[in-house]
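Both ligands and their constituent atoms are indexed starting at 1 by order of listing. Numbers here simply count residues along the sequence, with the first being 1.
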Amino acid sequence: MSAEVSEKVLDDKRSLHESLMELSIVDNGTVGTDSKDSSGTSKVRDLEKKREDYLEWPEYFMAVAFLAAMRSKDPCTQVGACITDSNNRIVGVGYNGMPIGCSDEILPWGKNSSQPLETKYMYVCHAEMNAIMNKNTADLRGCTLYVALFPCNECAKLIIQAGIKQVVYMSDKHKNKPSTEASKMMFSMAGVKCQQFVPKNSKIVIDFEEIDWNISI
Ligand SMILES: O=c1ccn([C@H]2C[C@H](O)[C@@H](COP(=O)(O)O)O2)c(=O)[nH]1
Ligand SMILES: [Zn+2]
């Protein structure tokens with residue numbers, strides 16, 4: 001490396017170091033801005049939070065799926081799905097609901113009628129399908145699907161055809177159904193990895209009234 005280039009590199013390093021010191025990056029990775037008010041008192045904008053307050057990516061994405069599920073009007077099984085890409089960006093979210101334009105006040109939500117047309121199964125769009133249809137990116141190849149319920153065989157087909165390569169699911173309540181067996185067989189043949197999600201915490205609470213916005217600056 002020539003003397004001029006090495007001097008430039010050193011200068012760049014010095015200015016980067018000075019900017020980091022201005023930001024007062026502290027050891028545990030949080031950022032504090034050491035601003036002083038008119039009295040000269042040092043007020044550190046403390047953005048540090050307790051470690052357990054942060055959601056890891058998988059918890060966050062499964063929480064998004066569960067939040068979406070809260071939009072479902074299925075009285076028995078509310079399912080949400082969240083699709084993410086390899087950069088941890090959310091590229092599709094969906095929940096189980098009736099097709100656009102088809103009234104969910106008129107179509108049935110029952111499941112036990114002897115007449116199939118009187119049950120929800122003939123009409124409801126599954127959460128995975130809606131998440132795929134709602135995609136905000138060109139394609140879903142290599143993405144991961146976070147979903148509250150293990151996908152049925154029809155959703156497994158859509159997941160495979162969309163190029164999704166990993167399914168992270170919470171409930172396996174239909175594990176004894178043929179549709180689940182078919183899903184598992186197709187996922188295995190297509191090389192889609194399936195993983196049951198085990199949350200670190202049993203609950204994630206969003207309490208609008210108690211978010212502390214009084215950050216001292
Ligand atoms: O892969 C799936 C399978 C099912 N769902 C939705 C469709 C229905 O609204 C419910 C299933 O109802 P049950 O009362 O549990 O039979 O779940 C889905 O979104 N994705
Ligand atoms: Zn399905």
J.: For Lys173 and ligand 1, does the shortest N/O to N/O distance drop below 3.5 Å?
T.: yes

J.: Please could you name the atoms of ligand 1 that Cys76 approaches to less than 4.0 Å, counting only its heavy atoms?
T.: 14 (O)

J.: Of Ala131, Ser72, Cys152, which has the heavy atom at the shortest distance from atom 1 (O) of ligand 1?
T.: Cys152

J.: I'd like to know if the side chain of Ser179 reaches the main chain of Cys152, judged simply by a donor and an acceptor atom lying under 3.5 Å from each other, with no hydrogens or angles considered.
T.: no

J.: State the atoms of ligand 1, each with its element, that fall below the 4.0 Å cut-off from a heavy-atom position in Lys111.
T.: 13 (P), 14 (O), 16 (O)

J.: Check for a donor-acceptor pair, side chain of Asn201 on one end and backbone N or O of Lys203 on the other, with a separation under 3.5 Å.
T.: no

J.: Decide if atom CD1 of Ile100 counts as having more than 12 heavy atoms of other residues, nucleotides or ligands within a radius under 6.0 Å.
T.: no

J.: Considering distance alone, does some N or O of Leu149 sit under 3.5 Å from an N or O of ligand 1?
T.: no

J.: Using a 4.0 Å heavy-atom cut-off, which part of Glu154 comes near ligand 1: side chain, backbone, both, or neither?
T.: neither

J.: Is the ring pair Trp57/Phe61 parallel, tilted or perpendicular, if the boundaries are 30 and 60 degrees?
T.: parallel

J.: Closer than 4.0 Å to some heavy atom of Lys120 - which atoms of ligand 1 meet that?
T.: 12 (O), 13 (P), 14 (O)

J.: Quick one: nearest non-hydrogen protein atom to atom 10 (C) of ligand 1, plus distance?
T.: Asp74 OD2, 3.5 Å

J.: Quick check on contacts: which atoms of ligand 1 are under 4.0 angstrom from a heavy atom of Ala127?
T.: 18 (C), 19 (O)

J.: Spell out the protein N/O/S atoms under 2.8 Å from the Zn ion (ligand 2) as residue plus atom name.
T.: His126 ND1, Cys152 SG, Cys155 SG

J.: Please state which part of Tyr121 comes within less than 4.0 Å of ligand 1, counting heavy atoms only: side chain, backbone, both or neither.
T.: side chain

J.: Verify whether one side chain among Lys111 and Thr77 offers a donor that lies under 3.5 Å from an acceptor in the other.
T.: no

